[in-house]
K.L.:
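Have a look at the structure that comes next, please.
Note: hydrogens, waters and symmetry copies are ignored here, and every other heavy atom, side chains too, is used.
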Amino acid sequence: MKKVIYYIVFLNALFSFSQTKVGDIHFNDIDVFDNDTELMLNGAGEKDKLYAMALYLDFEVDGVEDGIMVAEKDVTMAITIKIISSVTDSDFKEIIRNGLERATDGNSYLLENQIRDFLNLLPGEINKFDIFRILYVKGGTLSLFKNKEKLGTINSKEFKKALFKIWLGENPVDLELKENLLASYEPNPILGKWKTYDKKTGVAINIIQLYIIKDKVYGSIQRMLRISERDAICYECEGADKNQNVEGLVILKRLQLEGDRYVNGKFTDINTGKVSDCQIWIDQDDKNILYVKYKGGGGVHEWKRILD
């Protein structure tokens, strides 16, 4: 149980600190919706200094030409809207209603019941810095959140399509915003899962998850590949790591970007418990190989990216 809690803590930290900036507004590069739905930022932009918004997906898009495909696709996705200027609730509702009229080529009356239900979910008062999240879950459920409060749900695939077309459709409320939302977002190449190997034998050892907290890189053992080692304990480790399960152990700590490398970090050898200075980097010609060098490691190690 302790290992599971530890893993959840570092994931929450990842979601809180790895961010993209739009003007003065930040959006998490990876975010969690409704407590358990993890999605990746695809793009973000701003509308007339009124609100900033971000599109979160779990699939790739090629660019602005995929707007309708995204809006009509029955897969889990989300939009985050951050209010950056004072707006009345009636004005905000009118923005949504007019956007739906544009998105449906004047046929929003066909969705009038769902539109009224959605607008009724919106609060009677909207303040600067309020955050609205719209989460669509595959199958037809669309949920609206304000800050951390769930305001309600609408069950309609057709309404979801129209709502997302406000910003992603053929006649969006702002073309530049649509282009920003559908930009091909490239996350930090350091992030992700990496398979490590024994330098002498070439045998795979484990899978490491790299993440960022306050601009520093950390790496945790997600899985030992040898089944007999999955319940291993790091008896040789020191400090808080001593006698902890190897799976879940953070073995890369506090690496900072300097030039094209992350340096001044610490690496823990789970076999000896020794903690050494380390650095990591990626060759721009092959972003699927992570180079890891630590004192006493016998040279540079090559970790391979795990591709989903």
K.L.:
Going through the checks in order, is the side-chain contact (heavy atoms from CB on, under 4.5 Å) test met by Tyr291 and Ile280?
P.N.:
CA-CA 5 Å; Tyr291 297 97; Ile280 61 176; over 6 Å; no
K.L.:
Any cation-pi pair here, Lys82 with Phe129, using under 6.0 Å and within 45°?
P.N.:
no
K.L.:
Within a reach of under 6.0 Å around NZ of Lys93, are more than 12 heavy atoms found that belong to other residues, nucleotides or ligands?
P.N.:
yes
K.L.:
I'd like to know if the side chain of Lys199 and the backbone of Val300 have a donor-acceptor N/O pair within less than 3.5 Å.
P.N.:
yes
K.L.:
Drop me the distance from Asp231's CG to Asn245's CG, to the nearest 0.5 angstrom.
P.N.:
7.0 Å
K.L.:
Stepwise, does the ring-ring contact (aromatic ring centres under 6.0 Å, His included) test hold for Phe132 with Phe145?
P.N.:
CA-CA 5 Å; Phe132 292 93; Phe145 301 80; over 10 Å; no
K.L.:
Would Glu101 and Ser108 satisfy side chain to side chain donor-acceptor pair (under 3.5 Å), going step by step from the backbone distance to the final call?
P.N.:
CA-CA 5 Å; Glu101 188 72 356; Ser108 65; 2.3 Å; yes
K.L.:
Carefully, step by step, assess Asp91 and Thr88 under the rule side chain to side chain donor-acceptor pair (under 3.5 Å).
P.N.:
CA-CA 5 Å; Asp91 285 343; Thr88 66; 3.1 Å; yes
K.L.:
Should Ile205 and Leu225 count as side-chain neighbours, where that means a heavy-atom distance under 4.5 Å?
P.N.:
no
K.L.:
Are the side chain of Arg305 and the backbone of Trp194 linked by a donor-acceptor contact shorter than 3.5 Å?
P.N.:
no
K.L.:
Given 3.5 Å as the limit, does a donor-acceptor pair link the side chain of Thr201 with the main chain of Val203, or not?
P.N.:
yes
K.L.:
In the structure I gave you, are the side-chain heavy atoms of Phe159 and Phe118 within less than 4.5 Å of one another anywhere?
P.N.:
yes
K.L.:
Ring centroid separation for Phe33 and Tyr136, is it under 6.0 angstrom?
P.N.:
no
K.L.:
Any sub-3.5 Å donor-acceptor pair from Asn147's side-chain atoms to Glu149's backbone N or O?
P.N.:
no
K.L.:
Treating Thr153 as the side-chain partner and Thr141 as the backbone partner, does any N or O pair qualify as donor plus acceptor under 3.5 Å?
P.N.:
no
K.L.:
Ala162 and Thr104: which non-hydrogen atoms are nearest, and at how many Å?
P.N.:
CB-CG2, 3.9 Å
K.L.:
Testing the 3.5 Å rule here: is there a donor-acceptor pair between the side chains of Tyr294 and Asp269?
P.N.:
no
K.L.:
As a quick check of understanding, evaluate salt bridge (charged side-chain N to carboxylate O under 4.0 Å, His left out) for Lys47 and Asp174, giving each step before the final call.
P.N.:
CA-CA 7 Å; Lys47 171 62 176 171; Asp174 189 304; 3.7 Å; yes
K.L.:
Stepwise, does the salt bridge (charged side-chain N to carboxylate O under 4.0 Å, His left out) test hold for Lys161 with Glu158?
P.N.:
CA-CA 5 Å; Lys161 293 176 185 179; Glu158 294 305 312; 3.2 Å; yes
K.L.:
Can you check side-chain contact (heavy atoms from CB on, under 4.5 Å) on Asp117 and Leu121, steps first, answer last?
P.N.:
CA-CA 7 Å; Asp117 289 343; Leu121 295 179; 6.0 Å; no
K.L.:
What heavy-atom pair brings Ala54 and Phe27 nearest, and what distance separates the two atoms?
P.N.:
CB-CD2, 3.5 Å
K.L.:
Which heavy atom of Lys160 sits nearest to which heavy atom of Lys73, and what is that distance?
P.N.:
NZ-O, 2.9 Å
K.L.:
Does any pair with a residue in residues 124-174 pass disulfide (SG to SG under 2.5 Å), and if so which ones, sequence neighbours excluded?
P.N.:
none
K.L.:
Enter the distance from Trp303:CH2 to Asn288:CG here, rounded to the nearest 0.5 Å.
P.N.:
15.5 Å
K.L.:
So, the side chain of His26 versus the backbone of Val22: is there a donor-acceptor pair under 3.5 Å, distance only?
P.N.:
no
K.L.:
Between Asp34 and Lys148, is there a side-chain N and carboxylate O pair less than 4.0 Å apart?
P.N.:
no
K.L.:
Taking side chain as C-beta onward, heavy atoms only, is Val32 less than 4.5 Å from Thr37?
P.N.:
no
K.L.:
Indicate yes or no for a side-chain donor-acceptor contact from Asn120 to the backbone of Arg116 under 3.5 Å, with no hydrogens or angles considered.
P.N.:
yes
K.L.:
Can you find a heavy atom in the side chain of Ile30 that is under 4.5 Å from one in the side chain of Glu38?
P.N.:
yes
K.L.:
Answer yes or no: are there more than 12 heavy-atom neighbours, outside Glu60 itself, under 6.0 Å from its atom CD?
P.N.:
no
K.L.:
Which of these, Arg261, Gln256, Glu258, sits in a side chain to side chain donor-acceptor pair (under 3.5 Å) with Gln279?
P.N.:
Arg261
K.L.:
Does atom NZ (Lys242) have a neighbourhood of more than 12 heavy atoms from anything else shown, all under 6.0 Å?
P.N.:
yes
K.L.:
Might you confirm whether atom CD of Glu229 has over 12 heavy atoms from other residues, nucleotides or ligands at distances under 6.0 Å?
P.N.:
yes
K.L.:
Roughly how far, to the nearest 0.5 Å, is CG of Leu142 from CD1 of Ile79?
P.N.:
9.0 Å
K.L.:
Could you check if a side-chain atom of Tyr218 sits within less than 4.5 angstrom of a side-chain atom of Ile213, using non-hydrogen atoms only?
P.N.:
yes
K.L.:
Distance check, rounded to the nearest 0.5 Å: Leu119 atom CG versus Gln114 atom CD?
P.N.:
11.5 Å
K.L.:
Provide the closest heavy-atom pair for Leu249 versus Cys237 in the form atom of the first, atom of the second, distance.
P.N.:
CD2-SG, 3.9 Å
K.L.:
Using a 4.5 Å cut-off on heavy atoms from C-beta on, say whether the side chain of Asn206 contacts that of Arg223.
P.N.:
no
K.L.:
Looking at every heavy atom in both Ile212 and Val217, which two are closest together, and how far apart are they?
P.N.:
CG1-CG2, 4.0 Å
K.L.:
Specify whether Phe92 and Tyr51 have parallel, tilted or perpendicular ring planes, treating 30° as the upper limit for parallel and 60° as the lower limit for perpendicular.
P.N.:
perpendicular
K.L.:
Quick one, Val263 and Leu257 - any side-chain contact, counting heavy atoms below 4.5 Å?
P.N.:
no
K.L.:
For Asp130, does its backbone N or O pair with a side-chain atom of Asn127 as donor and acceptor, under 3.5 Å?
P.N.:
no
K.L.:
Going hydrophobic residue to hydrophobic residue with side-chain gaps under 4.5 angstrom, can you get from Leu177 over to Ile131?
P.N.:
no
K.L.:
Taking Ile134 as the starting point, is it possible to reach Val75 by hopping between hydrophobic residues whose side chains are less than 4.5 Å apart?
P.N.:
yes
K.L.:
Would a distance-only check, ignoring hydrogens and angles, find a side-chain to backbone donor-acceptor pair under 3.5 Å from Asp31 to Asn28?
P.N.:
no
K.L.:
Is there a path of hydrophobic side-chain contacts, each under 4.5 Å between heavy atoms of I, L, V, M, F, W or Y residues, that connects Ile83 with Leu163?
P.N.:
yes
K.L.:
Of the non-hydrogen atoms in Ala204 and Lys195, which two are nearest, and what is the gap between them?
P.N.:
CB-CD, 3.8 Å
K.L.:
Establish whether Tyr197 and Met224 are linked, either directly or via other cluster members, by ILVMFWY side-chain heavy-atom contacts under 4.5 Å.
P.N.:
no
K.L.:
Salt bridge between Glu170 and Lys165, side-chain N to carboxylate O under 4.0 Å?
P.N.:
no
K.L.:
Hydrophobic cluster membership, with links at side-chain heavy-atom distances under 4.5 Å among I/L/V/M/F/W/Y: are Ile251 and Trp281 in one?
P.N.:
no
K.L.:
Under 3.5 Å, is there a donor-acceptor pair between the side chain of Lys150 and the main chain of Leu144?
P.N.:
no
K.L.:
Between atom OG1 of Thr20 and atom CG of Leu41, what is the distance when rounded to the nearest 0.5 Å?
P.N.:
5.0 Å
K.L.:
Is any side-chain heavy atom of Glu247 less than 4.5 Å from a side-chain heavy atom of Arg230?
P.N.:
yes
K.L.:
Working to the nearest 0.5 angstrom, can you tell me the gap between Ile84 CD1 and Lys49 NZ?
P.N.:
7.0 Å
